[in-house]
**Student:** 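Could you have a look at this structure, given as structure tokens, before my questions?
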Amino acid sequence: MFFLIVLGLGALLGLFLWFYVFALSYHSGILSVKGYFLETLIDSFELLAYTGLVAYTIISFFRNKPNSVSLARMCLVSAIMTGLFFCISEIADFTSPATLRVIFRSLVMSCVWLIFLRDSKQVKRLFPKPSRRIKGIDIFIFLLTWLPGYLYFLITSLMSDMA
């Protein structure tokens with residue numbers, strides 16, 4: 001239950017911070033800068049997809065669905081991939097050490113939760129391995145949470161190399 005609360009609060013906090021940053025960017029006029037608008041649009045899409053994945057995961061856990069554990073792992077892997085992607089991208093050069101500490105802490109906690117989901121007796125009791133399944137829609141939602149940003153990063157990197 002604590003895991004679901006942390007997961008849900010993290011998604012809600014992410015949405016709140018996104019609205020806050022978006023409002024600041026809008027009022028400062030930074031959204032009119034070419035490229036930044038597209039980045040904001042992709043970030044928005046990814047955040048909404050991740051929030052949807054978290055909501056879907058919480059609902060699945062409360063309904064004891066066989067895909068609950070897989071969905072929780074997808075949420076954590078998505079958080080890890082987003083954090084790693086942020087750290088290796090050019091954006092990391094412009095961030096403060098405090099921001100990088102928060103990202104690193106998030107990566108470590110996501111790994112701890114992954115280990116918990118793998119080794120927990122309570123998870124094994126509530127969701128035995130033979131009854132666990134993963135659905136195609138789960139994979140599709142998971143891919144929506146990080147694939148657009150990765151593709152954007154890849155395309156902009158290739159375009160900057162060609163220029």
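Predicted model only: the values in this text are computed from it and were never measured.
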**Student:** For Leu53, what residues pass the side-chain contact (heavy atoms from CB on, under 4.5 Å) criterion, not counting sequence neighbours?
**Tutor:** Thr57, Leu71, Met74, Cys75, Ile141, Thr145
**Student:** Consider only side-chain heavy atoms of I, L, V, M, F, W and Y, link residues closer than 4.5 Å, and tell whether Phe62 and Val69 are in one cluster.
**Tutor:** yes
**Student:** Check for a donor-acceptor pair, side chain of Ser120 on one end and backbone N or O of Leu117 on the other, with a separation under 3.5 Å.
**Tutor:** no
**Student:** How would you list, by chain and number, every residue that makes a side-chain contact (heavy atoms from CB on, under 4.5 Å) with Arg125, sequence neighbours excluded?
**Tutor:** Gln122
**Student:** Nearest heavy-atom pair of Leu107 and Ile80: which atoms, and what distance?
**Tutor:**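 What the structure gives for the nearest pair is CD2-O, 3.3 Å.
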**Student:** If you look at every heavy atom in Arg73 and Arg118, which pair is closest and at what distance?
**Tutor:** NH2-CA, 3.6 Å
**Student:** Between Leu126 and Asn64, is there a side-chain heavy-atom distance shorter than 4.5 Å?
**Tutor:**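 Answer no - side chains too far apart.
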**Student:** Mind checking side-chain contact (heavy atoms from CB on, under 4.5 Å) for Ser106 and listing every partner two or more places apart, or none if nothing turns up?
**Tutor:** Ser110
**Student:** Test of understanding: clusters of I, L, V, M, F, W, Y form through side-chain heavy atoms closer than 4.5 Å, transitively. Do Ile59 and Val123 belong to the same one?
**Tutor:**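 Hydrophobic grouping puts Ile59 apart from Val123.
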**Student:** Heavy-atom distance under 4.5 Å between the side chains of Phe142 and Met81, does that happen here?
**Tutor:** yes
**Student:** Give me the atom names and distance for the closest heavy-atom approach of Ala72 to Phe61.
**Tutor:**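 Of all heavy-atom pairs spanning Ala72 and Phe61, the closest is CB-CE1, 3.6 Å.
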**Student:** How would you list, by chain and number, every residue that makes a side chain to side chain donor-acceptor pair (under 3.5 Å) with Ser70, sequence neighbours excluded?
**Tutor:**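 Testing Ser70 for side chain to side chain donor-acceptor pair (under 3.5 Å), a comparison that skips the adjacent residues, returns none.
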**Student:** Give, for atom CG of Leu143 and atom CG of Asp138, the distance between the pair rounded to the nearest 0.5 Å.
**Tutor:**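 These two atoms lie 11.0 Å from each other.
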**Student:** Measure the CD1-OG distance between Ile58 and Ser68 for me, rounded to the nearest 0.5 Å.
**Tutor:** 11.0 Å
**Student:** Could I get the full list of ring-ring contact (aromatic ring centres under 6.0 Å, His included) partners for Tyr56, not counting sequence neighbours?
**Tutor:** none
